[in-house]
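For reference, the structure discussed in these notes is given below.
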Amino acid sequence: MKVRTRVAPSPTGDPHVGTAYVALMNYCFAKKHGGEFLLRIEDTDQQRSSAASEKVILEALRWLGLSWDEGPDVGGPHGPYRQSERTEIYREHVDRLIAGGHAFRCYCTAERLEQMRAEQRRRGERPRYDGHCLHLSAEEEAAERASGKPFVVRMKVPSEGVCVIDDLRRGPIEIEWATVDMQVLLKSDGMPTYHLANVVDDHLMGITHVMRGEEWISSAPKHKLLYEYFGWEMPALGHLPLLRNADRSKLSKRKNPTSILFYKRMGYLPEAMLNFLGLFGMSSAEGEEMATLDQLVSQFELDNISLGGPVFDVAKLNWLNGRYIRETMDPAALLGRVEAWALNRDYLLPITALAQTRIERLSDLGPLVSFFFSGTLNLPVERLRDNKLSELQQRQAYQLAMWQFDALPAWELPAIERVLRDTGDRIGAKFRDAVRAFYIAITGSPGSTPLFDSMALLGRDICRERLRQALQTLGGVTSSEADAWKALLKAEDEAEEG
Ligand code: GLU
């Protein structure tokens, strides 16, 4: 049997380093066993998925040096590889489950479900579908259908006993069926949920081994049951520990940049980044830490992955990146990399245009635009506080802007300006004063090239990280502040929509 693995990102945001790590572990496993690795796009959540996100995810994985034998961009015999193009397949499969008595249509309204859950919570029970529509008689079901009411399709799930999942890395995991909900498989708009699409596709695409994030462990019983209902053999499952921050908390944007694009923009070399991620699957006893993709493959063992949680240690990444710069290239090759990174006409021309009205001599250029070539600025508190906002206003301004920037569909000049104006209003400051605080955090000085244009050129990732660092330097945000400020943003948005 040929080993076939896959990575199945959902295109709902920036390309996450965790996606690259999961992709690489699956790639190494497949190639080590002479198998195939494929990429599937899981875009069943139409609200949150976007073509733009899919594009940057694919580009980022390719930039790292990964490739796939089959996928939406390269095709293959098991396509389409984008779930939104496979809805007919899911519908047929759901019909099979209904016909076999393994799934049922559920006509419950959102209000009924909400009421049911509230009652369950009041009784101290875990919210779980109570099986109301499972127990409809044939006539009642027919009447509901004839009335044209919207429905979802749910899977039947036992309410007693224990499900045992044999995890490739963790051994048997026991999960009580009573904790597993009668999962919705098909939504009322006819789109499948992740669970149905994932199982159907893994089977039809011939996947033999699934290595995915540990957040999916609780879904494994549903998947196991679906394989049984269909009469298919389940691929071997392995749940990978999530990447962690240095303090062992789950890797999150709040503490560490998580977008691959940030690391690219910071001037990390793709081969160093890939090597760094690959070390999680390599035995530390090997000694040598620099490894090409082929070496990562040959040294890969699932057992090397620490279940305690691999730490995304930026200091180590820096060290490794430095070694690649020193040990793998001569100055001419390094210059080539620097040119490709930022010293090229495409990047320099708009910067020169912004600087033109602000310089008298060519030698004024360097100091004026150096922030375009830096990563983080690490400004001391005194520099950051050189503005008229109160300390509270300044922290709030950075936080509100970061949230709004994260939510922007595209990083474009008018949207950036809108967010900054809006932020100034929300913190009750003069626009001029708010802008100065942003000028400092983003460019390091209140008198740089025009702020909004500079931010547009710098890109979302660098701007976000500079704001995050500035916020940290000013003491960060307490969780009660975060809750209150978030509620404020939400309440006002709702009022606007309302
Ligand atoms: N679309 C899921 C994700 O993005 C894939 C999970 C899986 O590999 O089964 O995490």
Side-chain angles (χ1 to χ4, degrees), residues 3-30 36-51 53-58 60-61 66 68 70-72 78 80-87 90 165-170 173 175 180 183-185 187 191-227 230 232 234-243 250-253 258-260 277 281 302 305:
V3 167
R4 280 170 62 87
T5 66
R6 49 58 171 188
V7 65
S10 297
T12 54
D14 283 342
H16 197 283
V17 287
T19 304
Y21 150 73
V22 171
L24 180 58
M25 297 298 116
N26 277 281
Y27 177 93
C28 288
F29 185 88
E36 285 156 350
F37 167 69
L38 54 114
L39 185 143
R40 177 173 77 228
I41 290 292
E42 299 209 326
D43 57 350
T44 54
D45 184 343
Q46 294 278 285
Q47 301 284 324
R48 296 178 56 230
S49 299
S50 74
S53 165
E54 175 185 319
K55 183 164 175 277
V56 288
I57 292 175
L58 264 58
L61 294 178
L66 281 172
W68 34 95
E70 298 166 31
H78 302 275
Y81 293 92
R82 199 176 280 118
Q83 290 186 328
S84 57
E85 293 165 17
R86 299 171 63 83
T87 45
Y90 308 127
I165 301 293
D166 282 312
D167 187 279
L168 280 168
R169 174 73 181 82
R170 295 158 201 259
I173 304 175
I175 299 173
V180 181
Q183 178 64 49
V184 172
L185 298 177
K187 296 179 266 187
M191 284 300 274
T193 55
Y194 154 76
H195 306 278
L196 175 73
N198 188 272
V199 164
V200 168
D201 287 350
D202 279 346
H203 175 73
L204 295 181
M205 295 181 181
I207 299 301
T208 57
H209 295 76
V210 169
M211 273 149 291
R212 60 181 178 191
E214 65 190 338
E215 72 271 32
W216 298 106
I217 289 180
S218 61
S219 299
K222 297 170 191 171
H223 299 178
K224 186 172 181 192
L225 200 54
L226 284 173
Y227 282 101
F230 284 120
W232 297 334
M234 182 165 79
L237 283 187
H239 293 91
L240 300 172
L242 297 178
L243 298 181
K250 182 180 149 200
L251 189 68
S252 71
K253 277 213 267 210
T258 55
S259 167
I260 299 170
L277 293 171
L302 210 46
I305 300 177

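Order of listing sets the numbers, starting from 1, for every ligand and every atom in it.
- Judged by the shortest distance from any of its heavy atoms, Arg6 lies inside the 4.0 Å radius around the atoms of ligand 1.
- With a 4.0 Å heavy-atom cut-off, ligand 1 is reached by no atom of Val22.
- Listed by atom number, the atoms of ligand 1 under 4.0 Å from Asn198 heavy atoms are 7 (C), 9 (O).
- Remark: ligand 1 atoms within the under-4.0 Å shell around heavy atoms of Arg212 are 7 (C), 8 (O), 9 (O).
- For atom 3 (C) of ligand 1, the closest non-hydrogen atom of the protein is Ala8 O, 3.8 Å.
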Candidate pair Arg82 and Glu42, rule salt bridge (charged side-chain N to carboxylate O under 4.0 Å, His left out), full reasoning: CA-CA 6 Å; Arg82 199 176 280 118; Glu42 299 209 326; over 6 Å; no
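- For Gly213, the heavy-atom gap to ligand 1 stays at 4.0 angstrom or more.
- Here the heavy atom of the protein found nearest to atom 9 (O) of ligand 1 is Tyr194 OH, 2.7 Å.
- Those atoms of ligand 1 that come under 4.0 Å of a heavy atom in Glu42, given as number and element, are 1 (N), 2 (C), 5 (C).
- Aromatic ring centres of His209 and Phe29: separated by under 6.0 Å.
- The pair Glu70-Arg4 meets the salt-bridge criterion, since a charged nitrogen lies less than 4.0 angstrom from a carboxylate oxygen.
- Taking the charged nitrogens against the carboxylate oxygens, Arg40 and Asp202 do have a contact shorter than 4.0 Å, which makes a salt bridge.
- Of the possible donor and acceptor atoms, none in the side chain of Thr208 sits under 3.5 Å from a partner among the backbone N and O of Val3.
- Residues Tyr194 and Trp216 place their aromatic rings such that the two centres sit under 6.0 Å apart.
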